[in-house]
Amino acid sequence: MTARWTLYAQAFKDNVAHVIQNKPVMAVMKNDAYHFGLDFAVTAFLECGITAFSTTVLREAVRIRELAPDALIFLMNPSTEFQVLRDHHIQMTLPSAAFYRQYQQQLAGIHVHLEYENLLHRSGFKTFDDMIDVIEENNNVPAEEQMMITGLWTHFGYADEFDVDDYHTEKEAWLTGLAMISKYHRFTYIHAQNSASFVRDGLLQDHSHARLGIILYGSRPYASLPEAITRQALTVSANVIQVRTIEAGESAGYSFAYTTEQKTRLAVVDIGYGDGILRTRSKHDCMINGRRHPIRALMMSHMFVEVDDTVTAGDDVTLYSNDIRIDTFTFKGVGANSEQLSALNHDSLQKEIIQ
Ligand SMILES: Cc1ncc(COP(=O)(O)O)c(C=O)c1O
């Protein structure tokens, strides 16, 4: 018996089709496709009609090119491996005027998307006027030395916030700048929206793509959405190895992790933080035989779950599935959806993809 990471491929693809509704989507593939596996995810997205991909790491972009020879591939972090970009037709962010001026010669022929910094302040031009300066400088060098300015983009960092005005502010700044700069230059690709923004506003006018991550992978970006908006095709499960009874006042687990108030049945389950179950996740429950039971202690390879006498050795224990979803724990403060996904240890969990 081993703890398992099980992905239901058809359910994953059905969900992607349901989420995108034939809208133009650039799938975010970073961190090994939110830890679903780059090869699986690229193939599944292609089957669903997605032909644009973005990631932060050049190595991943190159692998996407191998899997998707005709796709638009956009690198969201700058790279100075210009020949690799050229060889694999990878388009890249242009994060600042300083980057352009430092690498102007090497950027010849590279396709870039100008990045607007906006409220997130992670990367990008501070103003649209700075972008126009770079567009003009680029226009003023001989054609064969020019970079190809094909796109314009930003990232909304506040689209899942409802108590503050910041999403409204960042959207207004972006749309105002977009309208202004579009008079100077024609961009083929314009993309700004993450999952939360796409759900709130649909695809914004004049945008070529919504740049979606988490909703494609089956988690809601914010809590007030109905579960039906996206479905989780991933299950993480383990096994009851044995059930032990401890008396009132006894402790189980390291350092008195759990001390009982009454005689208690504890299931010993073969999954722990070494498999990527977050400690915050262990403050909540898991599912055995269709019912919820509280996790009482988390160890590296095991956990204790308080159970009743319906639970016996050999029973399946579900940590995550569409019935006990990652996003519900996100909204209880366990950690971001992507944080819970990324933590899962593919080297220790048995990884299975059910076609
Ligand atoms: C630049 C950028 N665009 C898009 C996304 C996708 O966001 P989400 O997973 O919320 O859809 C991310 C994710 O962090 C991102 O960093």
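As the structure lists them, so they are numbered: ligands from 1, and atoms in each ligand from 1.
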Which of the ligand 1 atoms, numbered from 1, are nearer than 4.0 Å to a heavy atom of Y34: 6 (C), 7 (O), 8 (P), 9 (O), 13 (C)
Validation row: I246, L266 side chains within 4.5 angstrom (heavy atoms): yes
Nearest non-hydrogen protein atom, atom 12 (C) of ligand 1: H155 CE1, 3.6 Å
Ring centers of Y258, F304 separated by less than 6.0 Å: no
V28 heavy atom under 4.0 Å from ligand 1: yes
I149 side chain near R186 side chain, heavy-atom distance below 4.5 Å: no
More than 12 heavy atoms of other groups within 6.0 Å of M180 CE: yes
For W153, the ligand 1 atoms whose distance to one of its heavy atoms is below 4.0 Å: 1 (C)
Nearest non-hydrogen protein atom, atom 14 (O) of ligand 1: K30 NZ, 3.0 Å
Non-hydrogen atoms of L319 and F329 that approach each other most closely: O-CE1, 4.2 Å
Closest approach of any protein heavy atom to atom 11 (O) of ligand 1, naming residue and atom: S195 OG, 2.5 Å
Ring center gap for F45 and Y217 short of 6.0 angstrom: yes
Ligand 1 contact on R211 by region, counting heavy-atom pairs under 4.0 Å: both
Ligand 1 to A196 polar contact by distance, N or O atoms, under 3.5 Å: no
Residue portion contacting ligand 1 (non-hydrogen atoms closer than 4.0 Å) for H191: neither
Ligand 1 contacted by Y217 (non-hydrogen, < 4.0 Å): no
Parallel, tilted or perpendicular: rings of F74 and H113 (30°, 60°): parallel
Nearest-neighbour protein heavy atom for atom 7 (O) of ligand 1, which is reported as residue plus atom name and distance: N194 CB, 3.4 Å
Pairing of D160 and R220 as salt bridge, 4.0 angstrom limit: no
